[in-house]
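Data first, discussion second: the structure below is written as structure tokens.
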Amino acid sequence: SNVYECWLNYKHLPHNFDDEYKRFCSYIVAKSNPPIINSALEELKFAFTRFMGRMPEVLDSYPDSDCILVGTLDDAADEALRVSRGDLPEDGFMVHKFERNGKNVLAVIGKNEKGALYGVFHLLRSMCCGKPLAQVQGIDGPRNPLRVINHWDNLSGDIERGYAGKSIFFKDNRIVSDLSRVKDYARLLASVGVNGVAINNVNVHQVETRLITDEFLPDVARIADVFRQYGIKLYLSINFAAPVEIGGLPTADPLDESVKKWWRDVADNIYKYIPDFGGFVVKADSEFRPGPFTYGRNHAEGANMLAEALKPHGGVVFWRAFVYNCQVDWRDRSVDRAKAAYENFKPLDGKFLDNVIVQIKNGPMDFQIREPVSPLFGAMEKTNVAVEFQITQEYTGQQKDLCYLVTMWKEVLDFDTYAKGQGSTVSKVVSGSLFRMEYGGVVGVSNIGDSKCWTGHPLAQANLYGFGRLGWNPELSAQEIAEEWVKLTFGHDKQVVDTIVSMLMASRDIYEKYTAPLGIGWMVNPGHHYGPNVDGYEYSHWGTYHYADWKGIGVDRTVATGTGFTAQYREPVASMYENIETCPDELLLFFHHVPYTHKLKSGKTVIQHIYDTHFEGAEEAEGLKEKWLTLKGKVDDEIFDMVLERLEMQIKNAIEWRDVVNTYFYRKTGIDDIHGRKIYK
Ligand code: BDP
């Protein structure tokens, strides 16, 4: 169905197709046919058949017609392409048109097989978006070496924080036998440049601990085989206590020789099944998961032990920096969860082996709708780092509410850490270019499952698409990415494109307006995290507070009078947040505790801002539905209905948020809305 095919449906041709591209779509020349090139050829055949209504011919030599040439630099050695290995970035490609015996050849030449596959997806995307051929030609390659999806899938088939059905990998504690859906998924991921997938949850429990054993590895290898054809490496999340839990050892101490040997043997065995295995993802000493602290060791010692086991095989360790005390005494105001990642990892900078990547969540807390960027990005000068985004919408509407997250990720990547002076953006840190690190990149927690449209909400496909596109090229704008996605998915009707793009682009602000204000976060129902509960996390041990009383609200994280978190940033960022005059409105309550009558830069008081944004947010959520209704008959009926159903859920949610939040603060403060609107008193 249309909704299943996502942005690879090839059903919507632009006006310039006949003039620019049609003549290339009957013949494909490929001089060799190894597995990844074969995937590229399959894609071209599928797409061209949709474009032309008939199958193109695949040949190993030139026809007497215009054609496409697909291959690697080796295949193109005899062509007059004037490109050499050094011209192409790693996993990159060149698209170039040339003449041969009076015929036009459109060449897609990869530095390697993966590059050729990416080149083909680039060409097909450009064709479908209506880009003129002249703009499509040239050299391109990924800016980030690692572009990885993390699945939080359990072997039972359930997905932690999944809002799109069950796992496509696991069912009833086994790996599924039919992997055709995994293949379709691999296509989707490769089309946006993703090159790694960790298939199991970072919370590794009893059964999942055994994924690294002979019991499961033959089946894990079947999944790896599917991904490999699309240039994607498979990773596994591991349990740090595995030597004890399944290895029969008395300890999991990373400095213990028997433990080191145990992991080496595990790694050696994995590579017998999966020769290009990517490596491990590790959540250690975090939210009750085991880790090196049990043995008085630090995170570098834990990570390095695993890295040594993987090193001979070329594997890496993604070691998560999401480490904090989740059992703080909530009455103790001196502890600040926001400070935890930096406190744990900054002292270890330079101590990690070169095949360890510290995986840092975008913000210092946990995927809230608005957080400052984690200060750890500006602090690790001698360590590979990656940014972790949450594509799955745990705190951002759970794929019932529309929330296009690319705008947020873009802000994060563009944020200046000043680590090496002005221009030291997070994007440059994680790509490895700022500190000349070998590894690094972007990681996204998956938002897909076995739902008919993959993502529960059809418009949430844009987040998966956007994660890949932005990871490939962080210079793309959120708007450009949205436009591409809409054209590929829905076609070129101007009203359709404008309407859906505007809905996507406004959606994050709308969600923010009706939920937690001014960067304070949380205020969700504990446990499942959907819907409002202002004090839901206020009197518990998770470190997630707003400190609202009748006089004021916000967390004082200043050095002068608060937790001192602002000092984790470099100047001038530290002072910008420290000083209430320069702290941006949208993060005011993350950094400062203020009276409700405090005037924002917008000129409004905090309390009036809360009322206004909540009324607006709920109204704008209704506006999304109004906009969507104008597209009836213009987009696929099934998608239309699915989205409409979700928008109705969103409206209910938004109204509930508005009323709960406004009532709460009206009761706390006794301050009236200056516009006299109805607040449930
Ligand atoms: C939190 C989720 C939890 C995850 C954790 C993590 O609520 O389910 O296990 O992050 O990232 O946001 O480890």
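Just so you know, these numbers come straight off a predicted model, no measurement behind them. Every number for a ligand or one of its atoms is a count from 1 in the order of the listing. Basis for what follows: all heavy atoms, side chains included, without hydrogens, waters or symmetry-related copies.
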Top protein contact for atom 7 (O) of ligand 1, by heavy-atom distance: Glu394 OE2, 2.5 Å

Shortest protein contact, atom 1 (C) of ligand 1 (heavy atom only): Asp366 OD2, 3.1 Å

Whether Phe322 and Tyr324 hold their rings parallel, tilted or perpendicular, with breakpoints at 30° and 60°: tilted

Atom 13 (O) of ligand 1: the protein heavy-atom neighbour that sits closest, reported with distance to 0.1 Å: Lys283 NZ, 2.7 Å

Distance in Å, Asp450 CG paired with Tyr185 OH, rounded so as to fall on 0.5 Å steps: 13.0 Å

Residues Asn150 and Glu388: side-chain donor-acceptor under 3.5 angstrom: no

Trp152 N/O under 3.5 Å from ligand 1 N/O: no

For atom 10 (O) of ligand 1, the option (of Lys361, Glu388, Gln359, Met365) bearing the nearest heavy atom: Lys361

Ligand 1 versus Asn203: contacting region, heavy-atom distance under 4.0 Å: side chain

N or O contact, Arg320 vs ligand 1, cut-off under 3.5 Å: yes

Whether Tyr235 and Phe277 hold their rings parallel, tilted or perpendicular, with breakpoints at 30° and 60°: tilted

Protein contact to atom 5 (C) of ligand 1 [nearest heavy atom, distance to 0.1 Å]: Glu287 OE1, 3.4 Å

Atom 8 (O) of ligand 1 - nearest protein heavy atom and its distance: Glu160 OE2, 2.4 Å

Nearest-0.5 Å distance, NZ of residue Lys452 to CE of residue Met642: 7.0 Å

Mutual orientation of the aromatic rings belonging to Tyr537 and Trp542 [parallel < 30°, tilted 30-60°, perpendicular > 60°]: perpendicular

Test item: Tyr439 and Asp354 side chains (from C-beta on) under 4.5 Å apart, heavy atoms: no

Sub-4.0 Å atoms of ligand 1 with respect to non-hydrogen atoms of Arg161: 2 (C), 3 (C), 7 (O), 8 (O)

